[in-house]
Amino acid sequence: MLDADFFRRWMTATAALVDREAERLTALDSPIGDADHGSNLQRGFTAVRTALEKEAPDTPGATLTLAGRVLISTVGGASGPLYGTLLRRTGKALGDAPEVGEDQLAEALRAGVDGVMTLGGAAPGDKTMVDALMPAVDALGDGFAAARAAAEEGAVATTPLQARKGRASYLGERSIGHQDPGATSSALLIAALAEVAEA
């Protein structure tokens with residue numbers, strides 16, 4: 001069973017991974033976006049880490065809800081609302097339980113991804129974060145390592161796609177050949193989850 005401390009460690013591990021990969025995320029965002037994805041997420045997850053150190057909610061749901069709220073208020077562009085919605089919806093779906101199982105987390109994450117798709121109007125194949133998140137959620141039943149691999153594969157698979165949503169969609173065919181930064185950062189979120197689960 002996964003408690004509030006597990007979810008706090010997940011967010012902290014995500015912050016560390018985003019820190020490490022911020023330059024790569026910004027480099028990916030440079031040709032097809034505003035070249036600020038890495039720095040935006042770095043600022044957001046640093047703020048999440050600080051907020052969780054101060055508040056330390058006592059349930060998994062409250063931990064993710066707080067993280068989502070912080071991201072919405074600190075991250076510019078589309079990333080803040082999208083990541084914020086993902087975590088808040090996931091947190092809300094987990095409810096007030098002091099501990100949750102892996103199946104519950106998978107269901108809650110699916111609700112979070114549904115929230116992202118509703119907000120952004122994106123579907124799988126549109127070259128967005130959904131392309132990493134949806135395969136990860138589908139694979140979570142086979143364990144955290146499977147989810148991490150599926151998210152990474154999903155992110156890489158955005159490279160040959162033409163963007164149909166978000167800033168990159170304005171480029172039309174010129175968006176082809178670039179890995180989507182949002183899918184890449186989403187894969188980091190899932191990688192951090194697997195890292196904490198395996199620790």
Side-chain angles (χ1 to χ4, degrees), residues 2 6-7 10-11 13-15 17-18 25 28 33 37 40-41 44-45 48 60-72 75 77-95 97 100-159 161 163-169 179-197:
L2 314 171
F6 175 90
F7 285 83
W10 175 21
M11 292 298 104
T14 302
L17 261 185
V18 167
L25 292 174
L28 287 173
H37 190 60
N40 276 344
L41 280 190
F45 277 101
V48 166
T63 303
L64 291 187
T65 303
L66 173 61
R69 222 172 38 238
V70 170
L71 288 174
I72 288 171
V75 179
S79 300
L82 290 168
Y83 268 102
T85 296
L86 174 68
L87 296 179
R88 280 174 64 178
R89 284 285 182 90
T90 302
K92 194 176 168 191
L94 289 174
V100 297
E102 288 178 31
D103 289 350
Q104 282 168 286
L105 174 56
E107 271 176 47
L109 262 176
R110 193 173 294 283
V113 175
D114 286 345
V116 168
M117 290 198 293
T118 302
L119 179 64
D126 282 346
K127 198 181 181 100
T128 70
M129 62 197 288
V130 172
D131 290 311
L133 292 171
M134 192 60 99
V137 170
D138 289 342
L140 204 49
D142 297 323
F144 291 109
R148 172 172 52 199
E152 183 58 43
E153 277 170 32
V156 171
T158 61
T159 305
L161 300 177
R164 290 199 289 260
K165 291 289 169 192
R167 181 87 172 67
S169 66
Q179 186 170 319
D180 183 67
T184 307
S185 59
S186 295
L188 294 179
L189 180 74
I190 303 298
L193 175 63
E195 195 180 284
V196 171

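To the nearest 0.5 angstrom, L193 atom CG is 9.5 Å from R148 atom CZ. With rounding to the nearest 0.5 angstrom, the CG atom of L109 is 11.5 Å from the CD atom of E102. Taking CG from L86 and CG from L64, the interatomic distance works out to 8.5 Å, rounded to the nearest 0.5 Å. Annotation: the span from E153 atom CD to T158 atom OG1 amounts to 12.5 Å, rounded to 0.5 Å. The structure places CG of L17 at 10.0 Å from CG of L25, a figure rounded to the nearest 0.5 Å.
For residues 182-197, the pairs satisfying side chain to side chain donor-acceptor pair (under 3.5 Å) are H37-S185, Y83-S185, Y83-S186, Q179-T184, with sequence neighbours left out.
Listed here is the closest heavy atom pair of A123 and D131: O-OD1, 4.4 Å. Across L189 and W10, no two heavy atoms sit closer than the pair O-NE1, 2.8 Å. Counting all heavy atoms, side chain and backbone alike, A67 lies closest to L87 at CB-CD1, 4.0 Å. The two residues S79 and L41 come nearest to each other via the heavy atoms CB-CD2, 4.3 Å. When all heavy atoms of A183 and A155 are compared, the closest pair comes out as O-CB, 3.6 Å. Of all heavy-atom pairs between A108 and L94, the closest is CB-CD2, 3.6 Å.
Looking at K92, its side chain never comes within 3.5 Å of a backbone N or O of G61 through a donor-acceptor pair. Put simply, the side chain of Q104 gets close to the backbone of G101: a donor and an acceptor are under 3.5 Å apart. With hydrogens and angles ignored, the 3.5 Å screen pairs no side-chain donor or acceptor of T128 with any backbone N or O of A122.
Judged as a side chain to side chain donor-acceptor pair (under 3.5 Å), and not counting sequence neighbours, the contacts of R164 are D126.
Counting heavy atoms from C-beta on, the side chains of V130 and K165 never come closer than 4.5 Å. In this structure, the side chains of L105 and F144 come closer than 4.5 Å at one or more pairs of heavy atoms.
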Under 3.5 Å donor-acceptor pairs involving side-chain atoms of residues 111-119, not counting sequence neighbours:
unit_1, atom_1, unit_2, atom_2, d
T118, OG1, D114, O, 2.9

